[in-house]
2 protein chains.
Amino acid sequence: MTTPKTDINFKPVATRKIYQYILEQFVEMVRTGVIKPGDKIPSERELAQSFHVSRPSVREALRVLEVIGIIEIQSGGGAYLKEMELGPFISIVAPLLFSRENFDLELLEFRETIEVRAMELLGAHMTGEDLKRLGISLEAMHKALEANDPESGALADIAFHRTILEASKSYILLKVMDVVVSLFEHAVRGGRSIVLEKHEDARQLYEDHRNIYLALEHHDYSKARELVVSHLQMVRQLYAKR
Amino acid sequence: MTTPKTDINFKPVATRKIYQYILEQFVEMVRTGVIKPGDKIPSERELAQSFHVSRPSVREALRVLEVIGIIEIQSGGGAYLKEMELGPFISIVAPLLFSRENFDLELLEFRETIEVRAMELLGAHMTGEDLKRLGISLEAMHKALEANDPESGALADIAFHRTILEASKSYILLKVMDVVVSLFEHAVRGGRSIVLEKHEDARQLYEDHRNIYLALEHHDYSKARELVVSHLQMVRQLYAKR
DNA sequence: CCTATTTAACTGGTAATACCAGTTGACAGT
DNA sequence: ACTGTCAACTGGTATTACCAGTTAAATAGG
């Protein structure tokens, strides 16, 4: 009783996995605001009942959401929705990316691309409020310099650059920059901030930032742009000889 | 028997999860080349024995690797390592990103940032081989135009731009561009390529590409850059009135 | 001997269950 | 009112089982 071979082409039955359905529904609930950041997510057992699936299936979906950085799972506590955060994802992928030769230098180059573009947008979008926040970051860096505190100096450094990105009002540029910074920190010392040990280097960094700030204060955006370029070139040299 | 309160700061006991250990070891094996793209990964049961953990733990790790796009799992077959591919990840995250207002237009702006930067790099890095491949893409687009085949025209369009990115020899720019294109396709029609219906629009696109190609052929990179800028502005208008 | 079919031994997908280890909050003893 | 205890959660992990595909070896047919 052999089945005769036919030429009929059946469309392959969609065999999507259960965890994908759960993921979809979950993402949709987040998108439409049914669940908001900070909200507690029902327990795995409840979800399993609601979706009419087993707990392992729910767990796989939650695991993915955790790695993607949409939820935070506390052992014993529950799971909570949070603002998307690419940190966990980057932690996993970073080792693979950095197996490429000179990936770190390429990252610095790319950072220049982003920041220069942000400077171009500043002319149209920067507000007085933005300038004030830039001033605060600058002040923090100055204090760190005086106190010879490299740790908080590094934080202020990042804050300064991030404020510029925020002032450009470009969500994408900001997010991309966050990824770049995060990746770069992974490159240097496994996730910690990049700290300048030498005092004169930190001083140079501060001076650069100050000049950029002054240029922005006078709305001289083309000069600010030039300053950013030379500033980042300096940073690159600093990193290269490290 | 009350415990006296002390000022001692105990370091929080590391309570990393099993799947994270597995992930780490796996990524490390990929990084060092113990496993190479195309290789078959041991079955879940084998891995469970090797790592001395249960199968669910292994499955959670594999699930993450699948979403990240490092491995491909075939039901009934096995799991295979592949070149990292951000597609699955983007599919999940895209709906969340596009809940932002005008995210699609921001994407197009960002694309301009990337491509303009690529053009600047072309002067130093483009080879004759690259130019030849650009010509092939251009030719394909021309054929699609003649045959009035919007589908393959769209593919040739993407190929042309991607070839430019490749010619810039910047790995990061290329990968970022892939993400942008993928995200944009998700925006328009849930993952399919963007197709130009109107013939005159497709013709305009081809003309632009041709001019860019000619400029590059004559090594007039500044002109090529200008052309790319105006080209992408045109694309944005095309998309805006869609 | 070769080919085609069958079949058995895989694979991942899912479910059900159990137990451990944290967290939390109510409740009772002080 | 405070404190310590305990019970009822939570997620983390392991075990087991079964189903549904895939694959390759064994076998029957030529």
Side-chain angles (χ1 to χ4, degrees), chain A residues 1-6 10-26 35 38-82 88, chain B residues 1-6 10-26 35 38-82 88:
Chain A
M1 194 163 82
T2 62
T3 311
K5 291 182 182 178
T6 67
F10 293 100
K11 289 180 184 175
V13 176
T15 58
R16 311 189 48 233
K17 300 165 192 172
I18 287 189
Y19 87 93
Q20 291 178 324
Y21 284 106
I22 300 178
L23 269 183
E24 255 180 37
Q25 289 195 43
F26 193 90
I35 319 176
D39 287 359
K40 181 167 186 170
I41 294 163
S43 75
E44 298 179 352
R45 290 169 178 83
E46 285 181 52
L47 287 174
Q49 283 191 0
S50 303
F51 286 116
H52 294 94
V53 296
S54 69
R55 192 151 85 99
S57 295
V58 173
R59 282 184 61 79
E60 287 184 9
L62 290 181
R63 188 93 306 142
V64 170
L65 292 172
E66 184 189 27
V67 168
I68 285 181
I70 301 178
I71 66 173
E72 188 170 5
I73 304 179
Q74 299 172 5
S75 280
Y80 296 84
L81 190 70
K82 64 174 183 180
Chain B
M1 193 164 80
T2 62
T3 310
K5 291 182 180 176
T6 67
F10 292 100
K11 290 180 183 174
V13 176
T15 58
R16 310 188 51 229
K17 300 165 193 171
I18 285 190
Y19 86 93
Q20 290 178 324
Y21 284 105
I22 300 178
L23 270 183
E24 255 179 38
Q25 289 196 42
F26 193 90
I35 319 175
D39 286 358
K40 181 166 187 171
I41 295 165
S43 76
E44 298 179 352
R45 291 170 177 83
E46 285 181 52
L47 288 175
Q49 282 191 0
S50 304
F51 287 114
H52 293 93
V53 295
S54 69
R55 192 150 86 98
S57 295
V58 171
R59 280 184 63 79
E60 288 185 11
L62 290 181
R63 189 93 305 144
V64 171
L65 292 172
E66 185 189 28
V67 169
I68 285 183
I70 301 178
I71 67 172
E72 188 169 6
I73 302 180
Q74 298 173 4
S75 281
Y80 296 84
L81 190 70
K82 64 174 182 179

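Below, chain A is the first sequence line, B the second, and so on; all start at residue 1. Side-chain atoms are counted along with the backbone in the values below, which use heavy atoms only and exclude waters and symmetry mates. On a predicted model such as this, the values are computed, not experimentally measured, just so you know.
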>> I need the E72(B) CD to E66(B) CD distance, nearest 0.5 Å.
In response: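 CD of E66(B) is found 8.5 Å from CD of E72(B).
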
> Which heavy atom in G69(B) sits nearest to a heavy atom in P88(B), and how many Å separate them?
Replying inline: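 Nearest pair, atom of G69(B) first, then P88(B): CA-CG, 4.4 Å.
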
For atom [atom1] of [X] and atom [atom2] of [N], their distance in whole Å:
X	N	atom1	atom2	answer
H52(B)	dG12(D)	NE2	P	23 Å
E46(A)	dG11(D)	CD	C1'	13 Å
L47(A)	dC9(D)	CG	C1'	15 Å
E44(A)	dA16(C)	CD	P	15 Å
I22(A)	dG13(C)	CD1	C1'	12 Å
R16(A)	dG12(C)	CZ	C1'	18 Å
K17(A)	dT11(C)	NZ	C1'	12 Å

Hey, are the side chains of [X] and [Y] touching, using non-hydrogen atoms and a 4.5 Å cut-off?
X	Y	result
E44(A)	L62(A)	yes
L81(B)	F26(B)	yes
Y19(A)	V64(A)	yes
V67(B)	V67(A)	no
K17(A)	E60(A)	no
I73(B)	R63(B)	yes
L47(B)	V53(B)	no

>> Check the phosphate of dC9(D) against S43(A), side-chain N and O only, distance under 4.0 Å to OP1 or OP2. Yes or no?
In response: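 No, no such contact exists.
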
> Near DNA chain D, which residues from residues 59-72 of chain B have a heavy atom under 4.0 Å away?
Replying inline: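 Per residue number, the list is empty: none.
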
What N/O pairs connect the protein and nucleotides 15-26 of chain D at under 3.5 Å? Give each pair on its own line.
| residue | atom | partner | partner atom | Å |
| --- | --- | --- | --- | --- |
| dA17(D) | N6 | R55(B) | NH2 | 3.2 |

